Amino acid sequence: MLHGKEHVARYQETDGEEGHEWRGTVTLLLTTTGRHSGKDRTTPLIYQLDGDAHVIVASDGGADDDPLWYKNIQADPEVKVQVKGDRFTARARTATPDEKPALWAKMTAVWPDYDVYQTKTSRDIPVVVLERV
């Protein structure tokens with residue numbers, strides 16, 4: 001089972017032949033710029049399409065603080081995305097309150113644990129929309 005750095009490495013090496021399909025769903029690689037370090041940080045994340053946009057969830061398993069990648073996109077919303085062999089630049093934004101319910105439903109349909117994660121924390125777990133530049 002791929003996880004963390006191994007997941008990222010195998011995904012990159014195989015253009016997603018290994019790592020795109022994961023535990024019954026699909027993942028992309030999100031590369032953000034570290035807000036303190038300035039270094040690239042790559043994270044595998046479950047995604048779904050919404051029109052031309054890719055949708056991800058900043059759950060961090062229901063932790064009380066937002067994941068580091070989400071803090072990084074708040075500081076610099078220009079990100080790099082890899083979906084299988086397709087690598088592109090995108091602009092990340094948090095879904096609006098009007099958009100979020102439908103996007104949340106789309107994401108929990110493929111990863112029901114997001115609902116469980118939300119019960120573990122008092123923070124409102126953000127849904128993020130990645131729009132190709």
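What you see below is based on every heavy atom in this structure, not just the backbone, and it leaves out hydrogens, waters and symmetry mates. What you see is a predicted model; the values in this text were computed from it and never measured.
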Exercise for review: Give every residue pair that meets the ring-ring contact (aromatic ring centres under 6.0 Å, His included) criterion with at least one member in residues 59-78, sequence neighbours excluded.
Suggested key: none
**Study point:** Distance in Å, Glu78 CD paired with Thr32 OG1, rounded so as to fall on 0.5 Å steps
**Key:** 12.0 Å
Point to revise | From Lys80 atom NZ to Arg41 atom CZ, the distance as rounded to the nearest 0.5 Å | key: 13.0 Å
Please table the atom pairs, donor to acceptor, closer than 3.5 Å between any side-chain atom in residues 42-54 and protein atoms at least two apart or in another chain.
residue	atom	partner	partner atom	Å
Thr42	OG1	Thr31	OG1	2.8
Tyr47	OH	His20	NE2	2.8
Asp50	OD1	Lys106	NZ	3.3

Review point. Is Val57 reachable from Val26 through a run of hydrophobic residues whose side-chain heavy atoms are each under 4.5 Å from the next?
Key: no
Review point. For the residue pair Trp111 and Trp22, what are the closest heavy atoms and their distance?
Key: CH2-CZ3, 3.7 Å
Study note, to complete from the structure: Residue pairs passing the salt bridge (charged side-chain N to carboxylate O under 4.0 Å, His left out) test with at least one member in residues 63-72, sequence neighbours excluded, are Asp65-Lys71, Asp66-Arg123
Review point. Is any NZ, NE, NH1 or NH2 atom of the basic residue among Arg87 and Asp15 found under 4.0 Å from an Asp or Glu carboxylate oxygen of the other?
Key: yes
Practice item. Return yes if some donor-acceptor pair links the side-chain N/O of Gln118 with the main-chain N/O of Ile125 below 3.5 Å, else return no. Key: yes
Review point. Among all residues two or more places apart in sequence or in another chain, which pass the salt bridge (Lys or Arg N to Asp or Glu O under 4.0 Å) test with Arg35?
Key: none
Check your understanding: Which pairs with one or both residues in residues 91-105 pass salt bridge (charged side-chain N to carboxylate O under 4.0 Å, His left out), sequence neighbours excluded?
Key -> Arg93-Glu99, Arg93-Glu131, Lys100-Asp124
**Study point:** Path from Phe88 to Val128 over hydrophobic side-chain contacts below 4.5 Å
**Key:** yes
Check your understanding: Looking only at atom types and distance, does a side-chain atom of Tyr11 sit under 3.5 Å from a main-chain N or O of Glu18, one as donor and one as acceptor?
Key -> no
Practice item. Evaluate the side-chain contact (heavy atoms from CB on, under 4.5 Å) criterion for residues Thr33 and Asp40: first the C-alpha distance (whole Å), next the side-chain angles of each, then the deciding distance (0.1 Å), finally the verdict. Key: CA-CA 5 Å; Thr33 303; Asp40 283 352; 4.1 Å; yes
Check your understanding: Is Glu17 atom CD crowded by more than 12 heavy atoms from other residues, nucleotides or ligands, each under 6.0 Å away?
Key -> no
**Study point:** Gap between atom CZ of Arg132 and atom OG1 of Thr89 - 0.5 Å precision
**Key:** 9.5 Å
Check your understanding: Are Val55 and Val79 co-members of a hydrophobic cluster defined by side-chain heavy atoms under 4.5 Å apart?
Key -> no
Practice item. Name all residues meeting the salt bridge (Lys or Arg N to Asp or Glu O under 4.0 Å) criterion together with Asp113; count only those two or more places apart in sequence or in a different chain, and write none if there are none. Key: none
Check your understanding: Shortest non-hydrogen contact from Pro67 to Ala58?
Key -> CD-O, 3.5 Å
Review point. Atom CG of Asp60 and atom OG1 of Thr121: how far apart are they, to the nearest 0.5 Å?
Key: 9.5 Å
Point to revise | Interatomic spacing from CG in Leu68 to CG in Asn72 - rounded to 0.5 Å | key: 6.5 Å
Check your understanding: Among Thr27, Leu30, Val129, Ile73, whose side chain to side chain contact (heavy atoms under 4.5 Å, CB included) with Ile56 holds?
Key -> Leu30
